[in-house]
Structures are given as C-alpha cells and as structure tokens.
Chemist: 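Below: one structure in structure tokens.
All values derive from a computational prediction rather than experimental measurement. Quick note on labels: first sequence line is chain A, next is B, and so on, each numbered from 1.
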Amino acid sequence: MPAITLPDGSVRSFDGPVTGTAIAEAIGPGLAKAALAMEVNGALQDIGRSVTEDAAVRFITRKDPESVEMIRHDAAHVLAEAVQSLYPGTQVTIGPSIENGFYYDFYRNEPFKPEDFAAIEARMKEIVANAEPFVREVWPRDKAIAFFEEKGERFKAELIRDLPEDEDISIYRQGEWMDLCRGPHLRNTKDVGTAFKLMKVAGAYWRGDHRNPMLTRIYGTAWRDQKELDAHLHQLEEAERRDHRRIGREMDLFHFQEEAVGQIFWHHKGWRLYCALQDYMRRAQTRGGYQEVRTPQLVDRGLWEASGHWDKYRHHMFVATVEDEDKTLALKPMNCPCHVQIFRHGLRSYRELPMRMAEFGACHRYEPSGALHGLMRVRGFTQDDAHIFCTEDQIADETVQFVRMLHEVYKDLGFEHVRVKFADRPEQRAGSDETWDKAESALKEACEVAGVTYEYNPGEGAFYGPKLEFVLRDAIGRDWQCGTLQVDLVLPERLDASYIGEDSARHRPVMLHRAILGSFERFLGILIEQHAGRFPLWLAPQQVVVASIVSDAGAYAEEVAAALREAGLAAEADVRNDKINAKIREHSVARVPIILVVGRREAEERTVAMRRLGGKDQESFGFDEVVARITEEATPPDLRKKA
RNA sequence: GCUGCUGUAGCUCAGUGGUAGAGCACUCCCUUGGUAAGGGAGAGGUCGACAGUUCAAUCCUGUCCAGCAGCACCA
C-alpha cells in the first residue's frame with residue numbers, strides 16, 4: 001500500500017507496487033511525458049522501477065540538473081554500442097559521466113583516431129533515433145560472468161567478479177546491446193538527445209593503475225540541448241584563446257627550449273611581471289611579520305635523508321656530484337629542511353615564537369615528462385614559501401592570520417572566489433597515528449577559530465601532516481589549487497628542531513608550511529589566463545607606449561616616455577615611420593593598456609591623447625597631468641590602500 | 001613514465017622520393033599619414049637528431065629528443 005509523498009507535500013496512495021511511470025501518469029500527462037527518471041527517498045532510479053513502500057518521490061525532467069548527468073552516462077552507453085557495432089572485437093570496460101561530458105574506455109589493438117568520430121557519431125545518432133528502451137535486468141553473478149567471458153569481454157567479467165557479494169548484478173539492455181551497469185538510466189536512447197559531440201581520444205590505464213594495460217578512451221561532451229552544447233564549445237574556445245603559452249609568446253613574456261626542459265626563459269617583459277608580483281608578495285609578507293631568508297640550492301643528500309625526502313622522492317630529485325669530492329648533493333626540491341637549519345642555528349627561545357620564516361625558494365623537481373605543461377607544471381620553480389615555527393597553542397592564531405592574508409592577496413590579484421579543502425592523512429605517511437590525530441584536530445580547531453568552512457579531501461594530506469588547500473576560481477570558471485597550509489609535527493622531530501620554553505626545558509616547535517601563490521611560475525600562468533593578458537596597469541609588463549603620428553612629434557614622444565620612465569613606469573616611445581593605425585594595432589595586439597598618441601598638435605600644446613586598450617575614445621591631458629594620473633593608477637593595490 | 005598525435009623560416013602553416021614555399025614579423029627604400037594592418041624591395045631554412053632502405057630521403061622504416069592531449073604522478 002505505498003503512499004507516495006511528492007515534493008509539494010501531497011501524498012498519493014497506490015494499491016500495490018507501482019512504477020515511476022505509473023505514478024507520473026497518475027499525476028498528469030505532461031509530467032508523464034517529461035519525466036526521465038525519479039528520485040526515491042533521495043536516490044536516483046530508473047522511472048520504470050517499482051516503488052513498493054511508502055516513499056518520497058521526485059521526478060527528474062530535462063529541467064533538473066540531475067538529468068544532464070544521466071544524459072552523459074547514457075551517451076556513454078550509446079557510444080559503446082556504436083563503437084562495438086562499427087568495430088567488432090573491441091572490448092568494453094567502463095564509461096562514466098564526467099564534468100561536461102562522458103568517456104568510455106575501450107580495449108582494442110588499434111587505437112581510435114579523431115577521423116573515426118564522424119562515423120561513430122553518425123551511428124550514435126541512429127541509435128538515439130531508434131529510441132531503444134533501457135531495460136534493467138538482474139542476473140545471477142555466474143551467468144553474468146559466463147556471458148561476458150563468452151563474448152570475450154574479459155574486463156567486464158573482471159569487474160563483475162570484483163563486485164561485492166551482496167550487490168545485484170544489474171545489466172542494462174538497449175535493443176540488442178547490453179552492458180553491466182549500476183544505473184540509473186533514462187527511459188530510452190532517444191532521451192539522450194543529439195547535443196553531444198565526441199571530443200578526443202586518449203590513453204588511460206585500466207582501473208587507473210599504470211601497471212595495467214592501456215586502454216583507448218574516447219571523450220565526448222553532452223548537454224541537454226544544442227544551446228548548452230554551443231555554449232560549452234564556446235567556453236573551450238575562450239580557454240584556448242586565453243592559453244598562457246600562447247599569450248606568453250604573443251606578449252613576448254617567456255619561452256621554453258629543449259636545452260632546459262621544464263624550465264623557463266623569462267624575457268624582459270615577463271620578468272617585469274614576475275618582479276611586480278614578487279615585490280607585491282614581499283610587501284605582504286613584511287606586513288605579516290615574516291622574516292625573509294635565502295637558503296642554498298645544492299644541499300648534501302644527508303639532509304634529505306634525515307628529512308625523509310631522499311627515501312620517498314629521490315627519483316624526482318636532481319642529483320649533483322663533483323669529480324674531486326666524494327659527496328652527493330641534490331638541488332633542493334623544497335625549502336623546509338633548509339629553514340629548519342636556520343631555526344636550529346643557535347638556541348631558540350619560546351619568546352621568538354611564532355617565527356615566520358619566508359623564502360622565495362627556487363626549487364627543482366624532476367617532474368615526469370608527461371606532467372610538464374607551460375608555466376603550470378615545470379621542473380624549476382619558485383615557491384612563495386614560508387614556515388612558521390610555533391607552539392601548538394599558536395596554531396589557531398597563525399591560521400587566522402594566514403587565512404586573512406591569503407584572502408587579501410587573492411582579492412588584490414583579482415580572485416574573489418576561494419574554496420578550502422581539508423586534506424587528511426594519506427596512506428603512506430610519516431609519524432604515528434597519535435601525532436596525526438593531534439595535527440588534524442589542531443588544524444580543524446584552527447579552521448573553526450578562523451571561521452573557515454571547508455570540504456574534505458580524504459587521504460590527500462602531505463606525508464608529514466594534514467593540510468588546507470585553497471582553491472580559487474578564475475574568470476571563466478576554472479578552479480586552481482594555489483594556497484596551502486600544512487601542520488607538521490614530524491619534520492621538527494626528524495630534523496631535531498627545538499626551543500627553550502618558559503620552563504627552561506627543550507620543546508619541539510610545530511611547523512606550519514604555507515604558501516599563498518604556490519609557485520610564482522604557475523600563478524603567473526593562472527594570472528595570464530585570468531586576465532587573458534590584459535593585466536591591470538600595475539601588473540602590465542609594458543604599461544604605456546607613446547606613439548608619434550608624424551616624425552616632427554618624435555622628440556616630444558621620447559620626452560613623454562622618458563618622463564614616465566622617470567616616474568617608474570614601463571613606458572616606451574614608438575617613433576617608427578609607420579601610420580598611427582598600424583602602431584595602434586600593433587600595441588593593441590600586444591595588450592599594452594595605455595597608448596598615448598602625440599602628433600604635431602600635442603607637441604605644440606605639450607599634451608597627449610590617451611587611448612585605453614580596446615577603447616574607442618580618447619582623452620586629452622597635459623604633460624604633467626598624464627604622468628601623475630598614470631603613476632597613480634599604476635600603484636599596486638596594497639600601496640594604494642595605505643595612501 | 002604510459003598511450004596516441006605532432007615536429008618545415010622568429011610566429012602560423014602549405015608542400016614534394018630528385019636538397020623547399022605562403023602570410024605575418026624582420027631589414028632597406030618610398031610614404032609624414034590623427035586612433036586596430038599604406039606601398040615596394042630584400043634577407044631568412046642541415047625540413048627536430050641519429051641510423052637504415054634507395055642511384056637519390058625533408059618525404060619511407062627504426063631509434064632517440066622535444067612539444068601537444070589524456071592517463072598516472074605532484075613533498
């Protein structure tokens with residue numbers, strides 16, 4: 001006698017087990033037509049399944065966000081059927097929905113090529129048009145294994161074998177084709193719609209493990225309608241347009257070459273940008289009570305053995321030897337052990353705590369070749385690193401202060417959305433469970449005090465301690481993890497850091513590892529993409545160009561540029577024998593924020609015509625006024641606040 | 001590192017088993033033009049590296065290097 005409670009609170013009773021389809025029909029023909037699936041007591045289900053007991057039921061239509069995920073999942077099934085019908089002998093594995101779309105991993109001797117997409121998509125559209133119902137069947141485990149093994153689907157058979165004993169083996173059938181799947185699914189293949197597109201092929205390991213065979217993965221994107229699909233494709237184009245590698249080339253910021261794989265050749269303009277950011281960070285840290293230090297690049301392996309890094313990360317370290325000396329050194333992959341050396345130098349008193357030790361630490365890590373990606377992942381990078389040596393009692397206060405500083409920096413740099421993740425103990429870790437209990441609860445408590453709300457990221461902590469990860473969202477909605485705060489009770493122990501307490505006994509300090517940008521290189525990559533190269537004036541690598549219209553105004557243009565440079569701005573004169581149109585275009589393409597145009601008239605009146613990047617209008621200013629105005633506008637946000 | 005793709009001028013890219021081309025950028029000349037490309041000429045390449053096949057390789061084959069996408073990794 002199930003009583004069905006609907007989202008509006010109304011209740012309908014049925015005589016016996018009733019399918020979602022029947023419930024929807026009982027409510028009305030419009031809903032019956034639109035309902036794709038249902039949520040029973042919070043769990044998504046096929047609409048064709050029966051409800052046997054009292055339950056809260058909500059129907060999912062194309063308007064509900066849940067429908068997109070189902071469309072994507074079903075599109076993966078349709079893709080698999082299409083592939084198997086076109087390429088017999090291909091084995092299926094799994095095909096989930098993912099952000100923006102879906103993928104399906106296949107096993108086949110010959111990989112797929114993007115040229116195959118047209119045929120596969122056409123076949124998929126046929127399958128969709130056939131409106132084959134998704135039919136759920138529950139099979140005995142042995143039958144399912146035998147069935148897939150007989151078909152030569154060894155991956156599927158393996159999956160079924162590994163399913164928990166108490167789980168139903170559900171098989172979904174669409175026409176002749178069937179797949180092991182937990183579901184739920186839409187009503188039929190037609191519900192998938194046609195707003196999908198195959199995007200790319202890639203390799204992926206079976207079950208995500210690099211010791212397993214490599215499969216061929218086909219990625220697709222799928223949406224509720226063509227409009228959503230078009231919007232997504234447009235967003236991809238936008239991301240490509242903002243690609244920092246491309247902008248870096250166009251703006252002459254940096255380059256890479258084979259002789260220094262994974263390392264950056266910063267050109268003058270890029271380095272200006274870097275320095276502007278570094279100067280800003282240095283000011284922020286000074287205000288925050290940090291003391292800046294500088295530690296060696298090459299450090300004896302003994303120190304890395306003591307810190308535990310040699311054991312775990314040796315293969316990712318650059319190791320150096322000299323012929324005349326029987327020593328092994330390593331380029332530092334991180335700064336912490338070096339900072340502990342400074343802390344250990346001499347006896348420390350509790351009065352010195354918290355000691356906030358900062359370094360723009362140049363680090364080198366031998367990253368796997370496949371991981372390298374422009375500025376985002378490099379082998380030589382610089383962290384805005386700092387270690388706070390403090391007592392356990394000070395963790396909360398330091399967290400509060402750090403979180404405040406981090407938000408201020410992100411805001412100044414143009415990022416408003418920041419999320420926090422709490423990453424707790426990983427499987428491979430140093431330190432006892434008691435130590436981890438202590439560190440994790442201390443960090444949680446600190447979050448409470450700091451008013452930080454977070455989501456969990458289980459098992460993703462550093463090997464020496466739990467961490468907070470700060471994720472910011474950029475202008476086109478992408479997330480980047482940049483900042484981090486890690487509580488470390490292990491390294492001070494390993495490297496024997498201690499201070500003399502009020503009781504004149506030795507104590508272990510707590511070490512907080514923290515960074516706001518993460519690495520300058522990566523953060524600059526993010527900044528470039530955030531602004532699409534059109535930086536706010538204070539960061540712009542080339543702030544002003546003074547362009548002459550006629551050669552008679554050349555000397556005056558030089559004079560204006562020199563005055564701007566004198567005021568500390570990155571200004572150049574462009575007095576080349578070119579039309580003003582060409583100059584405007586060239587400097588606009590180079591994303592110079594301000595162009596000052598001077599012709600005969602301006603030279604005589606000692607004025608300039610100011611043109612903003614991308615703007616149509618111009619404003620006229622006197623010589624002195626324009627220097628003052630631009631200087632004011634180019635003031636970094638932190639200095640501006642104080643003024 | 002793994003799978004796939006790619007590598008031709010500074011950049012973007014054509015092209016061919018008989019040692020190469022375009023546009024932009026660059027240099028020079030003409031043009032002095034008022035807000036996103038004025039005109040002309042010129043210079044520029046061991047066709048990623050090394051082997052092999054061939055009378056002949058930038059092109060075919062192999063190995064390596066690098067880049068791109070994804071996976072795995074990310075102290």
Chemist: Whole angstroms only, please: what is the CG-C1' distance between A/Leu596 and B/U35?
Modeler: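 From A/Leu596 CG to B/U35 C1': 12 Å.
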Chemist: Should the pair A/Arg612-A/Glu633 be classified as a salt bridge under the 4.0 Å nitrogen-to-oxygen rule?
Modeler: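 Yes, A/Arg612 and A/Glu633 are salt-bridged.
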Chemist: Is the distance between the ring centroids of A/Phe106 and A/Tyr87 under 6.0 Å?
Modeler: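 Centroid separation for A/Tyr87 and A/Phe106: 6.0 Å or greater.
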Chemist: Using whole Å, report how far CD1 of A/Ile584 lies from C1' of B/U35.
Modeler: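 Distance, rounded to whole Å: 4 Å.
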Chemist: Could you give the distance separating B/C73 and B/G10 at their C1' atoms, to the nearest angstrom?
Modeler: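 Taking atom C1' in both B/G10 and B/C73, they lie 35 Å apart.
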Chemist: Would you please name every residue forming a side chain to side chain donor-acceptor pair (under 3.5 Å) with A/Lys421, sequence neighbours left out?
Modeler: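 Listed in chain order: nothing, the list is empty.
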Chemist: What is the per-nucleotide protein-contact pattern of nucleotides 67-75 of chain B, from the 5' end, where B denotes a base atom under 4.0 Å from a protein heavy atom, S denotes such proximity for sugar-phosphate atoms only, and - denotes neither?
Modeler: SSSBBBBBB
Chemist: Should we say atom CD of A/Glu240 is surrounded by more than 12 heavy atoms from elsewhere, each under 6.0 Å from it?
Modeler: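 No, because the 6.0 Å sphere around CD of A/Glu240 holds 12 heavy atoms or fewer from other groups.
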Chemist: Looking for any heavy atom pair under 4.0 Å, which part of the strands does A/Glu602 touch: base, sugar-phosphate only, or nothing?
Modeler: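 Counting heavy atoms under 4.0 Å across all strands, the contact made by A/Glu602 includes a base.
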Chemist: Without decimals, in angstroms, what is the distance between A/Asp552 CG and B/G34 P?
Modeler: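 Going from A/Asp552 (CG) to B/G34 (P), I get 13 Å.
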Chemist: To the nearest angstrom, how far is A/Asp617 atom CG from B/G34 atom C1'?
Modeler: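 Spelled out: CG on A/Asp617 to C1' on B/G34 is 15 Å.
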Chemist: Sequence neighbours left out, cut at 3.5 Å: what donor-acceptor pairs do the side chains of residues 458-471 of chain A make with other protein atoms?
Modeler:
from: A/Tyr464; atom 1: OH; to: A/Gln486; atom 2: OE1; distance (Å): 2.4
from: A/Glu469; atom 1: OE1; to: A/Asn457; atom 2: ND2; distance (Å): 2.9

Chemist: List the steps and the verdict of salt bridge (charged side-chain N to carboxylate O under 4.0 Å, His left out) for A/Arg245 and A/Asp243.
Modeler: CA-CA 5 Å; A/Arg245 293 165 297 186; A/Asp243 190 308; 2.6 Å; yes
Chemist: Could you tell me the separation between the CZ atom of A/Arg534 and the C1' atom of B/A36, rounded to a whole number of Å?
Modeler: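 Result: 12 Å.
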Chemist: So that I can tick it off, tell me whether A/Arg246 and A/Glu250 are bridged by a salt bridge, with the cut-off set at under 4.0 angstrom between side-chain N and carboxylate O.
Modeler: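 So A/Glu250 pairs with A/Arg246 through a salt bridge.
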Chemist: Could you measure between the two C1' atoms, the one in B/U8 and the one in B/A14, and give it in whole Å?
Modeler: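 One C1' to the other, the span is 10 Å.
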Chemist: Name the nucleic acid region contacted by A/Ala609, choosing base, sugar-phosphate or nothing; use a 4.0 angstrom heavy-atom cut-off, strictly under.
Modeler: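 Base contact.
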Chemist: Kindly express the pairing pattern of RNA chain B in dot-bracket notation, using | wherever a base pairs with another strand and counting only Watson-Crick or G-U pairs under 3.5 Å.
Modeler: (((((((..((((....[..)))).(((((.......))))).....(((((..]....))))))))))))....
Chemist: Suppose you measure atom P in B/G62 against the same atom in B/C24; what distance do you get, rounded to whole Å?
Modeler: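 Rounded to whole Å, the distance is 39 Å.
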Chemist: Write down the distance between CH2 (A/Trp206) and P (B/C2), rounded to a whole number of angstrom.
Modeler: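 Rounding to the nearest Å, CH2 of A/Trp206 and P of B/C2 are 22 Å apart.
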Chemist: More 5' along RNA chain B: A/Val550 or A/Ser588, using each one's nearest nucleotide?
Modeler: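 Per heavy-atom nearest nucleotide, the more 5' residue is A/Val550.
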Chemist: Can you classify the ring geometry of A/Trp266 versus A/Phe254 as parallel (below 30°), tilted (30 to 60°) or perpendicular (above 60°)?
Modeler: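 Aromatic pair A/Trp266/A/Phe254 classed perpendicular.
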Chemist: Taking only N/O atoms, report every protein-nucleotides 37-43 of chain B pair under 3.5 Å with atom names and distance.
Modeler:
from: B/A37; atom 1: N7; to: A/Arg585; atom 2: NE; distance (Å): 3.4
from: B/A37; atom 1: N6; to: A/Arg585; atom 2: NH2; distance (Å): 2.5
from: B/A37; atom 1: N1; to: A/Arg585; atom 2: NH2; distance (Å): 3.2

Chemist: Which class fits the ring pair A/Phe389 and A/His387: parallel under 30°, tilted 30 to 60°, perpendicular over 60°?
Modeler: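 Tilted: the ring planes of A/Phe389 and A/His387 meet at 30° to 60°.
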Chemist: When the P atoms of B/G38 and B/A25 are considered, how many whole Å apart are they?
Modeler: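 To the nearest whole Å, 9 Å.
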Chemist: Taking only the C1' atom of each, what is the distance from B/C13 to B/A51 in whole angstrom?
Modeler: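 Nearest-Å result for B/C13 against B/A51 at atom C1': 29 Å.
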Chemist: For B/U12, take OP1 and OP2 only and decide whether either is under 4.0 Å from a side-chain N or O of A/Arg249.
Modeler: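 So the side chain of A/Arg249 is within the cut-off, an N or O lying under 4.0 Å from OP1 or OP2 of B/U12.
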Chemist: Determine the Euclidean distance between corresponding C1' atoms of B/G52 and B/G21; express it in Å to zero decimal places.
Modeler: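 Nearest-Å result for B/G21 against B/G52 at atom C1': 29 Å.
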Chemist: Across the strands shown, which category fits A/Ile580 at heavy-atom distances under 4.0 angstrom: base, sugar-phosphate, nothing?
Modeler: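 Sugar-phosphate contact only.
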Chemist: Could you give the CD-to-C1' distance, from A/Glu259 to B/G48, as a whole number of Å?
Modeler: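 In whole Å, B/G48 C1' and A/Glu259 CD are 11 Å from each other.
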Chemist: In whole Å, what separates the P atom of B/G1 from that of B/A41?
Modeler: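 One P to the other, the span is 49 Å.
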Chemist: Within a reach of under 6.0 Å around CG of A/Asp311, are more than 12 heavy atoms found that belong to other residues, nucleotides or ligands?
Modeler: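 Not more than 12 within 6.0 Å, no.
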Chemist: Thinking salt bridges, do A/Glu605 and A/Arg601 make one under a 4.0 Å N-O criterion?
Modeler: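 No, A/Glu605 and A/Arg601 are not salt-bridged.
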Chemist: Atom CG of A/Asp105 and atom P of B/U3: how far apart are they, to the nearest Å?
Modeler: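 Taking CG of A/Asp105 and P of B/U3, I get 16 Å after rounding.
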Chemist: According to the salt bridge (charged side-chain N to carboxylate O under 4.0 Å, His left out) rule, which pairs have a member within residues 365-378 of chain A, sequence neighbours left out?
Modeler: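 Of all non-adjacent pairs touching residues 365-378 of chain A, those that pass salt bridge (charged side-chain N to carboxylate O under 4.0 Å, His left out) are A/Glu367-A/Arg377.
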Chemist: Going by the angle between their ring planes, with limits at 30° and 60°, are A/His232 and A/Trp223 parallel, tilted or perpendicular?
Modeler: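 Answer is tilted, since the angle falls between 30° and 60°.
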Chemist: Distance check, P atoms only: B/U6 and B/G42, in whole angstrom units.
Modeler: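 It works out to 36 Å between them.
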